[in-house]
**Student:** 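Just passing along the structure, written as structure tokens.
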Amino acid sequence: MSSQGENSKFNFPENEVKTLEFWKENDIYQKSLDRRQGEQKYVFFEGPPTANGKPHPGHCLTRAIKDLFPRYKTMKGFYCERKAGWDTHGLPVEVEVCKELGIHSKEDIEAHGVEPFIQKCQASVWQYMQQWEELTERLGFWVKLDEAYVTYHQSYVESVWWSLKSLFDRNLLYEGHKIIWWWAQGGTALSAGEVGQGYKTVRDPSVYVRFPMLDEEKFPNSSLLVWTTTPWTLPSNQFAAVKDDIEYAVVYDAEIDHNLIFAKDLVETIAGKLKRELEIKSTMKGSELIGQRYRPPFDYFYKTMGEETGKLVDGGEQHKCWRITQADFVTTDSGTGAVHEAPAFGEVDYELLVAELARFEQGDGPDLICPVLPNGKFSEEVPDFAGMWVKEADKPILRAIKESGALYLQEQYEHEYPFCWRADDDPLIQYPRRSWFIKTTDYKDKMLANNQAINWMPDHIKNGRFGNFLESNVDWALSRERYWGTPLPIWKCEATGRYDAVGCYDELLQKPGLTGTEVWESAKAANPELVEDLKVHKPYIDAITYDSPFEEGARMSRVTEVIDCWYDSGAMPFAQWGYPHQGKEEFEAQFPADFISEALDQTRGWFYSQLAISTMLFGDDQGTEKKVDFPHPYKNCIVLGLMLAEGGVCVKCSKRQSSDAKKCSECEGKVVRKTEKMSKRLKNYRPPNEIFDLYGADALRWYFFANQPPWTSIIYSERAIKESIPEFLLRMWNVYSFFTLYAGIDGFDPSSVTSQGELTHESLASGEGFRAINQRSELDRWIISELNRTVAEVTKAMDAYDNYGAARSLNHFVDVLSNWYVRRSRDRFWAKDTKDPSKLDAYWTLYECLATLVKLAAPFVPFITETIWQNLTQSFRDKGAEVPLSVHLCDYPVASDALYDEDLSRRMELLRQIASQGLSARMGAKLKVRQPLSGVTVVLTSDQDQAWLETHAELLKTELNVREVTFTLDADQYVTYQVVPNFKLLGPRVGKLMPKVKKAFGDADGGVMLAALTADGKTSIDVEGESIELTSEDVEVRLKAKEGWAAAQGAGVVVVLATELTDELIRAGNARDLVRLVQDQRKANDYERTDRIELIVCTDSDELKLAIEENNDYISGETLADSLIVKPLAGAGADFVELTIGEHVVKLGLSVVSS
RNA sequence: GGUCGUGUAGCUCAGUUGGUUAGAGCGCGUCGCUGAUAACGACGAGGUCGCAAGUUCGAAUCUUGCUACGACCA
């Protein structure tokens, strides 16, 4: 152990880099796994990040949390593998590559060539990999990077294929339509993100159209009045929607001699627009309209299909189209309360069609009417407008319905409408595309049941955001008309249109009449560098065709789509092992996960995709071999809050400013702090690697763990990260450094312990000078008790995934260790006799505290705890003794009930409170602590702890610098007693009388009540003639210091100071002042702490001379002066320093006599 | 517009089944300590617990409405 002690200036980041090297050289992570081999598994799933962007601070948070619990569980004895993973497919990768190539559209990609494009995508994925790996390592996230699963790898893709084939074979994978935002001119769909970029304010027609009712008997001379802002969709009308509980009116319009049906609430509005009276003839609920037929404004489809009916699932028949249907989304906010439905051109409309289809028997429901081609022009099905771009057809369509009399009212309407972000004159339209779906709705109830079994943190996610999302489940639109993704493993027969699903590459190769593998083979031959995994990707996989099992002579070829990359990540629990083609054992041992964690944005992403896939594949009713009880695939899930950046904004000009600016850079206005989203563009955060260099990974980790529960939104505050150092890390380090300083001086060596093990309380007992805990001082017993309490608290919190609570316990322990135990034990460490039992007690106690503390804190701050552990155990290793090589190879401490003393904890707390109040009283009386006082009187309300406190008077004397401490219960001269009711107990008893009881207490004499309680154990109080009996339980006694005393009061205690100063006390104060001045000089002269000195004090003050004489031993002892010589001022040497003590002038001369 | 969440000290956050003096850390101010010393201690200022109504003897806590902010969805 270093005899110099540790320099208080400690460079955390530098030390962390050394620790990383130590871990690497000694393979500590692997060793931590090896020692748990065969133990109970704790399963962790890594949610794969996308590596084709730079990591940002939010990723540090997820990675820190993902590290904390596996480290903890490993120390607790579990075997916890941590396999890294990377999400590599998807549109963002394609976009990145397109940017590089300077191209945009799918046509551009086709022109560039799908093959080179895919190859570029594969390479692009790894672009930022090095940065990711560096961050992962530097943060101390222990995860197997070299065994990472990668979603584009062949084995991964084949696992995904296996799962899709399972779904296909169970009729859970089907082809349908999906309404998407379509750029007709470009012939491509836009993602939600792209659509969001292109909104513009436009004026569109807003039209009210009459749909004549067919039931002339019930609705004579009547029309349903519907509203639409897209006249071009009118030829495609299939339904009209109303809401069952809205009230509708039949109004008579005299001008056209016709009845109109629409929402009653809107009659006035529409009459206002028409500028004429409308007479309400009758009203009815929407439910009465449902099922009624009408004639649509155009008859292109109606004339052939108008009378078609289909069989209903519930029995009976119904007309397929042109009926009034129920829809919850109908409102009376605008329009007419009756909505035109063209399912091909609106997502909501399409859902309505799907709901209608479900009412009919399979294949007997309404077909989708879509007379618009992908280029956005009308087809020949509507001859009047064929070839016309739909948006340009609005006007002729309006003319047509005006002529037919269907148009009732027309206005202009201003709203936001999406345009293509690449061609901002091109409006987007909603348009149906064929797409593959997973029938997740069949599993809605199972997913909900599965969800109930998951432990969500925070718990409101379960039935809140996530539960609601599951409740409103719609089938998963799986396919993407893109290039870089897992190819949909479905081959289609060219003759019959029937499908076949393939579960792996080998299975494909077995197909009869297979051709097309040569495309991959020749590509590989031309470029041997080509990654083997690409052969299961486009375009190579698309080249493979085989003989159709459905028709002689026909060929099977793959559908062109790839799949949603969320499916990839959701398949990770089995696909990471290549299951079931390989890795069966691993999968079965590692499913489900005990713990996963990601940020809130994954609710509809990874949290859902995993749950959905797993529920469909591994539930109790599935064809797959592996069946698992709920919950799966994860049991505990911490949903992290989003991380926000800290910025500033000028209150005057509202311009953004940097977070540390005080004044606006432009208008000099005041800058206030404001949290905002992290943004690469605004550069409003410091990159993680700079944080590591400045403050270290421990500081960042501690900030994340200890400043807030992980699910609140977390502000990435550099100031707060920086403050982790003095608040926790440095304080812990200072205690350690104090220990080494004196252990070095005294030659204390813990390696005398013979049963080394993990340096627990039991194993330390064999150490030289180690005494049983009951032989040690109260203070030692107390801190060991606090230590064990902390162990219990931290363990309990961590088992409940409460890192915040655990961190607070740790912080509190470091605080009491530093600010009470070490502070109050200092004189024992300074004792001269190195074999003094009390001194050795102090060493063993502090050593045990430190060794246990670093183990407790190791999962949180793995670097600094490792360093301290290394230093604490160095002497063992020097001897070749067996102690764990790393703190991370230790077992987590286990709390000992025997060592926890609840009474002692409470009493020490009381003692600290008394000390604190004493200091407060000194402050009030302006009596500095260096000035000794003759005594304090401590007034207590009960004798419960008095005897104990009396035995600790010494401690208070030192802390408060007083000669005497007396405790008393009876102190009428100092205090008044106030007795207040215990509301919690009395409330339920007296009920409504409570306010009067409270008043009666206020009027009563507290002293008298207290006297009665002390004498008889009970008293009573009269309220409204009723006598209420009270025991001491029912009241709370408060003390109030009387005026005129230097006193401070707390809840149950008052501390009163004796303030009169005798000359002797003043002289003692002077002596203490002198000691301080000498110590300052020792330090100024750079003396070693153990240097002994000769001290010459020159003064002409008789008072001071007397003070020195009286306190000679004290002064010499404190300043390590072998000789103390007093001289007159005139006798001072030239190098003497002139100072004052009170009004006395002194000159000090110091010189070292021995070291 | 819908769903979910959050509004407590200048800042970041605690606040257990409702109990009458609402806490902590940081920051700020004052004072102190001085052989852990760029550490540390004490004290102080600072709160109508977002607003309003209700339930109750009693509400930061329970209920309802409103409001602001955030996220997701539309």
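Reminder, nothing fancy here: chain letters follow the sequence lines and each chain counts from 1. Computed from a predicted structure; not experimentally measured.
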**Student:** What is the distance, rounded to the nearest whole Å, between atom CG of A:Asn473 and atom P of B:C73?
**Tutor:** 15 Å
**Student:** Counting distance alone, no hydrogens or angles: does the base of B:A36 have a donor or acceptor under 3.5 Å from a partner atom on the side chain of A:Ser818?
**Tutor:**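 It does, because a donor-acceptor pair links the side chain of A:Ser818 to the base of B:A36 below 3.5 Å.
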**Student:** Rounding to an integer number of angstrom, what distance separates B:C11 and B:C73 when you compare their C1' atoms?
**Tutor:** 33 Å
**Student:** Please tell me which of A:Leu600 and A:Thr1119 maps to the more 5' nucleotide of RNA chain B, matching each residue to the nucleotide holding its nearest heavy atom.
**Tutor:** A:Thr1119
**Student:** Considering every strand shown, what is the Watson-Crick or G-U wobble mate of B:C31 when both distances are under 3.5 Å?
**Tutor:**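 For B:C31, the partner nucleotide comes out as B:G41, under the 3.5 Å rule.
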**Student:** Within a 6.0 Å radius of atom NZ on A:Lys722, are there more than 12 heavy atoms belonging to other residues, nucleotides or ligands?
**Tutor:** no
**Student:** Should the side chain of A:Lys984 and the base of B:U20 be counted as holding a donor-acceptor pair, with the cut-off at 3.5 Å?
**Tutor:**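 Check fails, no donor-acceptor contact within cut-off.
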**Student:** With rounding to the closest Å, how many angstrom separate the P atoms on B:A52 and B:U67?
**Tutor:** 15 Å
**Student:** Counting side-chain heavy atoms from C-beta on, which of B:C4, B:A71, B:A36 comes nearest to A:Asn734?
**Tutor:** B:A36
**Student:** Could you tell me how far apart A:Asn982 (CG) and B:G19 (P) are, to the nearest whole angstrom?
**Tutor:** 12 Å
**Student:** Contact class for A:Val822 (heavy atom, under 4.0 Å): base, sugar-phosphate, or nothing?
**Tutor:** base
**Student:** Could you identify the nucleotide paired to B:G58, looking across every strand shown and requiring Watson-Crick or G-U wobble geometry with both distances under 3.5 Å?
**Tutor:** none
**Student:** Which nucleotide wins on minimum distance to the side chain of A:Asn468, given the candidates B:C40, B:G19, B:U3?
**Tutor:** B:U3
**Student:** Looking only at side-chain atoms of A:Met994, point me to the closest of B:C57, B:A36, B:U17.
**Tutor:** B:C57
**Student:** Set out, in order, the CA-CA distance, both residues' side-chain angles and the distance that settles ring-ring contact (aromatic ring centres under 6.0 Å, His included) for A:Tyr608 and A:Trp476, then state yes or no.
**Tutor:** CA-CA 11 Å; A:Tyr608 172 68; A:Trp476 186 345; 5.8 Å; yes
**Student:** Any idea which of B:C13, B:G41, B:A36 is nearest the A:Asp815 side chain?
**Tutor:** B:G41
**Student:** Can you tell me how far P of B:C40 sits from CH2 of A:Trp820, to the nearest Å?
**Tutor:**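 So the two atoms are 17 Å apart, to the nearest Å.
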**Student:** Rounded to whole angstrom units, what separation is found between the CH2 atom of A:Trp702 and the P atom of B:C26?
**Tutor:**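 Computing the A:Trp702:CH2 to B:C26:P distance gives 14 Å.
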**Student:** Are A:Asn463 and A:Gln452 close enough that a side-chain donor and a side-chain acceptor fall under 3.5 Å?
**Tutor:**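 On atom types as modelled, these side chains qualify, holding a pair under 3.5 Å.
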**Student:** Which value, in whole Å, describes the distance between the P atoms of nucleotides B:U61 and B:A71?
**Tutor:**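 Roughly 27 Å separates the two P atoms.
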**Student:** Taking for each residue the nucleotide of RNA chain B bearing the nearest heavy atom, is the 5' side occupied by A:Arg604 or by A:Gly987?
**Tutor:**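 Nearer the 5' end of the strand: A:Gly987.
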**Student:** Taking atom C1' in both B:A38 and B:G23, compute the distance separating them and give it to the nearest angstrom.
**Tutor:**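 Looking at atom C1' only, B:A38 and B:G23 are 30 Å apart.
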**Student:** Output the rounded distance in Å from OH (A:Tyr703) to P (B:C13).
**Tutor:**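 My rounded result for the distance is 7 Å.
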**Student:** Any idea how A:Phe739 and A:Phe748 line up, ring-wise: parallel (<30°), tilted (30 to 60°), or perpendicular (>60°)?
**Tutor:**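 Plane angle over 60°, so perpendicular.
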**Student:** B:A42 and B:U34: how far apart are their P atoms, nearest whole angstrom?
**Tutor:** 16 Å
**Student:** Has A:Tyr742 got a side-chain N or O lying under 4.0 Å from the OP1 or OP2 atom of B:A36?
**Tutor:**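 Indeed, a polar side-chain atom of A:Tyr742 lies that close.
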**Student:** Whole-Å distance between B:A71 C1' and A:Met643 CE?
**Tutor:** 16 Å
**Student:** Taking atom C1' of B:U12 as reference, at what distance in whole Å does atom OH of A:Tyr716 sit?
**Tutor:** 17 Å
**Student:** Pick base, sugar-phosphate or nothing for A:Phe466, based on heavy-atom distances below 4.0 Å to the nucleic acid.
**Tutor:** nothing
**Student:** Is there a donor in the side chain of A:Arg1072 and an acceptor in the side chain of A:Asn961, or the other way round, less than 3.5 Å apart?
**Tutor:** yes
**Student:** Given the structure, check if the side chain of A:Arg808 and the base of B:A14 hold any donor-acceptor pair shorter than 3.5 Å.
**Tutor:**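 No, the side chain and the base share no sub-3.5 Å donor-acceptor pair.
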**Student:** Nearest of B:C33, B:A71, B:C40 to any side-chain atom of A:Arg1072?
**Tutor:**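 So the nucleotide nearest the side chain must be B:C33.
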**Student:** Specify whether A:Trp456 and A:Phe607 have parallel, tilted or perpendicular ring planes, treating 30° as the upper limit for parallel and 60° as the lower limit for perpendicular.
**Tutor:**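 Correct class here is perpendicular.
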**Student:** Between B:A74 and B:C69, how far apart are the P atoms? Round to whole Å, please.
**Tutor:**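 22 Å, rounded to whole Å.
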**Student:** Ignoring the backbone of A:Arg465, work out which of B:G5, B:A71, B:C13 is nearest its side chain.
**Tutor:**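 Of all the options, the side chain of A:Arg465 is nearest to B:A71.
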